[in-house]
Number of protein chains: 2
Amino acid sequence: MAKILIIEDEKSIQRLIEYDLKQLGYDVDSAFDGYEGYKKASKTFYDAILLDLMLPSMNGMDICKKLRTEGNISYIIMLTAVDDEYSKIQGFDLGADDYITKPFSPRELAARLKAGLRRQASSTKKDVLQYYDIKIIRSSYEVYKADIRIKLTLKEFELLTYLVVNKGQALSRNQLLTNLWGFSYDGDSRVVDVHIYNLRDKLDPKADYLKTVRGIGYKLI
Amino acid sequence: MAKILIIEDEKSIQRLIEYDLKQLGYDVDSAFDGYEGYKKASKTFYDAILLDLMLPSMNGMDICKKLRTEGNISYIIMLTAVDDEYSKIQGFDLGADDYITKPFSPRELAARLKAGLRRQASSTKKDVLQYYDIKIIRSSYEVYKADIRIKLTLKEFELLTYLVVNKGQALSRNQLLTNLWGFSYDGDSRVVDVHIYNLRDKLDPKADYLKTVRGIGYKLI
DNA sequence: TGGATATGTTAAGATTTTGTTAAGATATTT
DNA sequence: AAATATCTTAACAAAATCTTAACATATCCA
């Protein structure tokens, strides 16, 4: 089921929404201040993000803008008490997909969320993926690190893309083999390790966002 | 920048779209009923037209049909609240290029518009295509490199045209075979490779804008 | 601590993919 | 029908990439 992130500091509202969405079968996660929410959203992929406008430590608009700049494609719904046209327009401008004014009925939220997610699902796959300063352009098979082109082989490219798409998750060697090689090797192939090594080498020998998960496989934090 | 015409009678929606598109740098014009919209569209050229289905004085379908009959080639996106397959099909049938259901997110509209305009600009009925110092004249099947005529065979011509229209994208052998040969070969034909080789040879043996994307196919950078 | 297990690192050679050439097949023109 | 042009195939050469295997190093757990 779809993963939803609620970024809302008012506990009463947050609890209500979380309860409701869980009842509807969504996989719900919450953050209670702006920065925490931003970190969560940029680390893990959520199908949708419910984003309060007024938040401690980092406001909704900034979070939205920053996420979009990083290539985040979650369906973002802004929650706010401010019902004026100005902030509504500004919200859209910064990349929100929908906008809902407090107080709202749970039914309305659910309906909009459902509609949004449906649209999301049908909308085309993103061509450009961004992970910090790494940019992946799928249609041309190009990768840039801080705007400098990095030449990757096909397997490296596929591996990196898969890691970025599933960022935050630990991916087992078997999962990688199955999804990128097309079948699972008999247990103990070291192919993945070698490609990971080469990828680390090409991307940045010093950086350590490509973590080893001992006993499992690898993940991008 | 591209000129866009919005034909929409609901002021709130019209204002929102207009604001957004202007923010994105488009040159926006609006009409508030069907007949006014039709007159504007047939008098002035717009790169794209956002056309509401339900309008006073002349409905969207009729406008679309009439414009197409007159040879209008603007990129037409239909806006409608009616989310049934029937009117969607009919919309396309009458010559709409895309179709978007209300309520839609401005981001989605912007994305579709951008994609549509890009398609419009590069591929459609342009007779002369230019790629650096290479000029392709489709109607006469002539190719010039720095104003010097280069004689290409038909397949070479088609291949080059396809590459130029889709420049930047890596094109798989299968995609090329399907689109230029009309069917996909059983996996491992080398026809494409040979034509690419000849094309490189004729265009400029030294230049390397026609890149090999190992494991995939070819692309023009 | 020290052996066991997992991962990092390297490089050779196996494999796959593409470049290149030319001959034969097919289509077009004379 | 012959001549010509174009396309496709096949074969070998060249290059890039992938995989394996081996050793080094790190981490875990008794």
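So that the names make sense, note that chain A is the first sequence line, chain B the second, and so on, each numbered from 1.
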The side chain of A:Thr153 lies closest to which of these nucleotides: D:dC7, C:dA6, D:dC18? D:dC18

Do the side-chain N or O atoms of A:His195 get closer than 4.0 angstrom to the phosphate oxygens (OP1, OP2) of D:dT19? yes

Check whether any side-chain N or O of A:Trp181 sits under 4.0 Å from OP1 or OP2 of D:dC18, and answer yes or no.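 So the side-chain polar atoms of A:Trp181 never come under 4.0 Å of the phosphate oxygens OP1 or OP2 of D:dC18.
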
Between the side chains of A:Tyr46 and A:Asp27, is a donor N or O closer than 3.5 angstrom to an acceptor N or O? no

Do A:Tyr131 and A:Lys167 pair up side chain to side chain, a donor and an acceptor below 3.5 Å, judged on atom types alone? no

Just how far, in rounded Å, is [atom2] of [N] from [atom1] of [X]?
X	N	atom1	atom2	result
A:Leu154	C:dT15	CG	C1'	15 Å
A:Ile216	D:dT27	CD1	P	17 Å
B:Lys202	D:dA5	NZ	P	11 Å
A:Phe157	D:dT17	CZ	C1'	16 Å

Every protein N/O within reach of nucleotides 19-24 of chain C N/O, cut-off under 3.5 Å:
unit_1 : atom_1 : unit_2   : atom_2 : d
C:dG19 : OP1    : B:Arg200 : NH1    : 2.7
C:dG19 : OP1    : B:Thr212 : OG1    : 2.7
C:dG19 : OP2    : B:Tyr218 : OH     : 2.6
C:dG19 : N7     : B:Arg190 : NH2    : 2.7
C:dG19 : O6     : B:Arg190 : NH1    : 3.1
C:dT21 : OP2    : B:Tyr197 : OH     : 2.3

Determine the contact category for A:Val192: base if any of its heavy atoms lies under 4.0 Å from a base atom, sugar-phosphate if only primed atoms, P, OP1 or OP2 are that close, otherwise nothing. nothing

Does B:Lys3 count as lying over the ring of B:Phe45, i.e. NZ or CZ under 6.0 Å from the six-ring centre, within 45 degrees of the axis? no

